[in-house]
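Working notes, structure below.
In what follows, every chain begins at residue 1, and chains take the letters A, B, ... in the order their sequences are listed.
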Amino acid sequence: MDREIQFNLNGNETTVVIKDHWTLLHLLREELGLLGTKEGCGSGECGACTVMVDDLAVNACLYLAVEVDSKKVVTIEGLASADGELHPVQKAFVENGGIQCGFCSPGMIMSATALLKENATPEEDDIKHAIAGNICRCTGYVQIIDSIRKAARAEEGDTVRVVAWQDD
Amino acid sequence: MNNLSVVGQRIPKLDAAEKATGRSRYIQDVTLPGMLYGKILYSKYAHARIVRIDTSRARKLEGVRAVLTGTDIPEIRMGVYKDNPPLKSGKVRSYRDEVAAVAAVDLKTAEEAIRLIEVTYEALPAVFDPETAMKKEAPLVHEAHKTNVLKMPWKLHYGDVEAARSEAAHIVEDRFSATWVTHCCLGTSGCIADFDHDNHLTVYSNTQIPSLAQKDFLGTLKALGLKDRRARVIKPCIGGGFGSKLDTYAYEHVAILLAFHARKPVKIQFDRKEEFIATSTRQPAIMNIVQGCDENGRLLFRDIRMILDNGAYTSWGATTPSVMMLPISSLYRVPNVRYEALCVYTNNTYAQAMRGYGNPQATFAIESAMDALAAKAGIDPVEFRRINANHGDEVTPQGFRITTCGLAGCIDKVAEALGGGKRKKGEGVGYASLVHVGGGARVYKSDGCGTLMKMNDYGQLDLFTGATDMGQGADTVIAQIVAEELGLHIEDIHVIHSDTDICPWDVGAHASRTTFVAGNSALGAARQLRSQIVKIASRVLDVDPQDIRLNDRMVISRQDPEKKIELGKLLRKSHFSPGGNMLMAEYFYDPDNENLGRDFKGNLSMTYTFGTHGARVRVDEETGKVEILRYVAAHDVGRAINPLLLEGQVYGGVMMGIGYALTEQVQLEKGEIMNPNFRDYKILTAKDTVPIAAPFLETTDAEGPYGAKGIGEPGCVPTAPAIANAIYDAVGVRIKDLPITPERVLAALKKKGGDDTCGIDPLTEKVYDCTS
């Protein structure tokens, strides 16, 4: 059945007619052409499709489009500021080797951003927990965790590497 | 060489911001006007005769534009052994056999059409174990081949193994096995095939071998009667490679065939389940090893026999013994070596290249047996490895010329990091080393890579390389090398590596060769460009060419630093004057390495990468669970062109290696993959990360660009034996089969304790006799 929904997408009020069975991922990628959000498995196992709905990280492949009605959706395309300045999480991923093939990166960055919104000073275990649903095959997660830690500490000017990776 | 300004810097990957903002386009994101969606029907049996295929209902479905079966297509044979047609006819030999394909206006219609194809099979007896498949009475996978054993004998022998064996003071003999694991690229495989009006073909594919794929696709064009047509390969951003894309697959050829018949572009995009069942695995192996040393702990011989489950068709997995020979003959000094490997057809899935290319399997057997031999000789395992370590400037008996070798330094680094400290009950430390090709690998007749470059009037460079970046950072490393040579900033260099119509030839992103080979190729072109700049500057500044240096976008006289000109200004002067010129350069670098000869000897690579890994583990004796407390992976990298990306390669490799050691397995039950998803195939997550240190030694190899060696694969090579050795050190049980699951550790602990361990291994279904 067709249904009209209205939601805030990356800062813009958006009205679309959707079908009830569409996932948010389908709406974003196939209907709205926002290709930054990736599909890695289509069944909620890999996290590549993670976006934020009302500041919470969700798997867009499992989330029905109808559920975003009157909510706020942020995708990877909506993270940088309007003038192109990277979001601190994006910047940290770029600078600290958090990105290799990049296929997991949009979802990983959205999960990290949602974490920092909820907890501005996460411990290493909090970071690991927050991205436990985001699979990465390239990096071994080391530099991703490092990136998130640095994004969290960016304002404090902390440039210390993640404790776990340092030599004793 | 210490005054480097770009090489050696922790420069972020050039395309990282594009990827961080979701702008990068992967095959998933590419569509063409009028594009159709292709789908493949796979076999329902591991081995069966195809009695009849009825496609009539599929053809009648609205929106279907092409339906093909094995009898509709010309003779096309894929793979190294040319035994694999893209659509099968007559019979199927594995569950991943492609039986039919459709193209339709949308994915849903294509899927519906696939469901409407009716195939009648007549099941045939099948064989799933390579040792059974070698028996005379075993069913034949390929009748025309007359035997299940491939006519691809891998035999290396030098010295006198029998004599050495009789002289040896200590000998160990054992059997190890490594099972199927798979690449798990986050971006699944896919391609689009598109013919123009004149039947020239363009294929968009996330391949690691654009030039070789182009050759394969030309073969398919030829089979279609289009011998004189062109094939262009465009490579979108690749969502992970790890060797999975080193061959062309059926889906690529099927897309071409569908596009040819439908006269429209056709896209085939794998879903995750298809990625698991229809792409290839790492080569499994059964490995028997005998190894002996003298009373002083010097290795005297190694004698290894392997049986490789080839699966139903032959891709690069069958050639992994060529790389297994490297550690077998040259990991540590071994004067007498014998190695034989047989590849055997079964009705299982078939293997491909995967990061390390046979080396992780062979090193698992070798390094596990090294520890056992050290124990037998009563020598500390670290000391045992020091005694036998390779050295620089020597030729190994297989003919590998070791130029620089930091192995002893790596052993020391790891031992120092892990050796000390109190050890609690259930804790142990294990070591394993590696040797891998670090300066290309002459697998094909050419190991070359071409570079073209042109510089604009502002000193900005467009660099067209044959190299493939799939996330490892080839683009960035090449740019750093060129920026260093030409006194440019990293942002002045635009690396293009995506299109066979634009970029020169390259043999592919394999064998950890890209930094070395593509780096040297780019360096060669940059040197030519540099000499053109110097020539112009010498005239304009009126100084001797020898006197000129390039730095920070400036051209400067060394003698008289007042004589200088901004590079862009110089180029504009040169361009916009009578008889003006543009700066362009080309270079093709083909290293002076050798193909292995008929005796499998020869200097395969220009230089060799060494390393040592060590793990400190805790084994829970109640549950069999292994916890890695600390992991150290030291490598001789020649020179770190970019330590940030280098560490990324090592961390990523180690975590992939830990998965190989402890958790990952493609579970086949009578040829059928039972865990084609991330729920049941246990790839490690962020919660499974362990503290990893990745120190590196710089030996500045004379052949490498700025001294660099390749480091793409080594991270996952000695991981499994380092962990297995640590488990032995911790609780005294040696696990000989991968993955080292808690069940296996527990069973071994019970057996050691004298408990009843008979029954069926839950992973292999092997029955252990209760009387033995």
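Asp29(B) contributes atom CG, which lies 10.0 Å from atom OG1 of Thr37(A) (distance to the nearest 0.5 angstrom). Once rounded to the nearest 0.5 Å, the distance linking NZ of Lys13(B) with CD1 of Ile99(A) reads 9.5 Å. Between Asn96(A) atom CG and Arg10(B) atom CZ the span is 8.5 Å, to the nearest 0.5 Å. In this structure, Leu35(A) CG and Arg23(B) CZ are separated by 12.0 Å, a value rounded to the nearest 0.5 Å. Going from atom CE of Met108(A) over to atom NZ of Lys19(B) covers 14.0 Å, rounded to the nearest 0.5 Å.
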Can you check side-chain contact (heavy atoms from CB on, under 4.5 Å) on Met655(B) and Thr139(A), steps first, answer last?
-> CA-CA 8 Å; Met655(B) 280 293 280; Thr139(A) 64; over 6 Å; no

Go through the steps for Phe242(B) and Cys138(A) under the test side-chain contact (heavy atoms from CB on, under 4.5 Å), then give the verdict.
-> CA-CA 9 Å; Phe242(B) 316 113; Cys138(A) 297; 3.7 Å; yes

So Gln100(A) and Gln649(B), side-chain contact (heavy atoms from CB on, under 4.5 Å) or not? Walk me through it.
-> CA-CA 9 Å; Gln100(A) 287 189 27; Gln649(B) 286 302 301; 3.4 Å; yes

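Around CD of Glu416(B), the count of heavy atoms belonging to other residues, nucleotides or ligands within 6.0 Å does not exceed 12.
The shortest side-chain heavy-atom distance between Arg272(B) and Glu39(A) does not fall under the 4.5 Å cut-off.
Residue Cys104(A) comes nearest to Leu186(B) through the heavy atom pair CB-CG, 4.2 Å, listed as atom of the first residue, atom of the second, then distance. Across Tyr141(A) and Thr689(B), no two heavy atoms sit closer than the pair CB-CG2, 3.6 Å. Minimum interatomic distance between Phe678(B) and Ile135(A) (heavy atoms only, all atoms of both residues): CG-CD1, 3.6 Å. Heavy-atom minimum distance, Gln28(B) versus Arg29(A): O-NH2, 3.0 Å. Considering every non-hydrogen atom in both Gly239(B) and Cys101(A), the closest pair reads C-SG, 3.4 Å. Between Ile145(A) and Ala686(B), the shortest heavy-atom distance links the atoms CD1-O, 4.5 Å.
A search for salt bridge (Lys or Arg N to Asp or Glu O under 4.0 Å) contacts involving Glu664(B) returns Arg137(A), not counting sequence neighbours.
The contact between Arg679(B) and chain A is made by backbone and side chain atoms together, counting heavy-atom distances below 4.5 Å. Proximity to chain A (any heavy atom under 4.5 Å) is restricted, for Tyr681(B), to the side chain, taken from C-beta onward. Both the backbone and the side chain of Ile131(A) have a heavy atom closer than 4.5 Å to some heavy atom of chain B. Heavy-atom distances place the backbone of Ser24(B), and not its side chain, under 4.5 Å from chain A.
Looking at Glu45(A), its side chain never comes within 3.5 Å of a backbone N or O of Asn677(B) through a donor-acceptor pair. Side-chain atoms of Gln143(A) come within 3.5 Å of backbone atoms of Leu644(B) as a donor-acceptor pair (strictly under, hydrogens ignored).
Most heavy-atom pairs under 4.5 Å with chain B: of the set Lys38(A), Lys91(A), His87(A), Glu77(A), this distinction falls to Lys38(A). No other option in Ser105(A), Gly97(A), Gly84(A) has as many heavy-atom pairs under 4.5 Å with chain B as Gly97(A). Of all the listed residues (His183(B), Lys273(B), Glu275(B)), the one sharing the greatest number of non-hydrogen pairs under 4.5 Å with chain A is His183(B). Between chain A and the options Ile683(B), Asp271(B), Thr188(B), Asp469(B), heavy-atom pairs under 4.5 Å are most frequent for Ile683(B).
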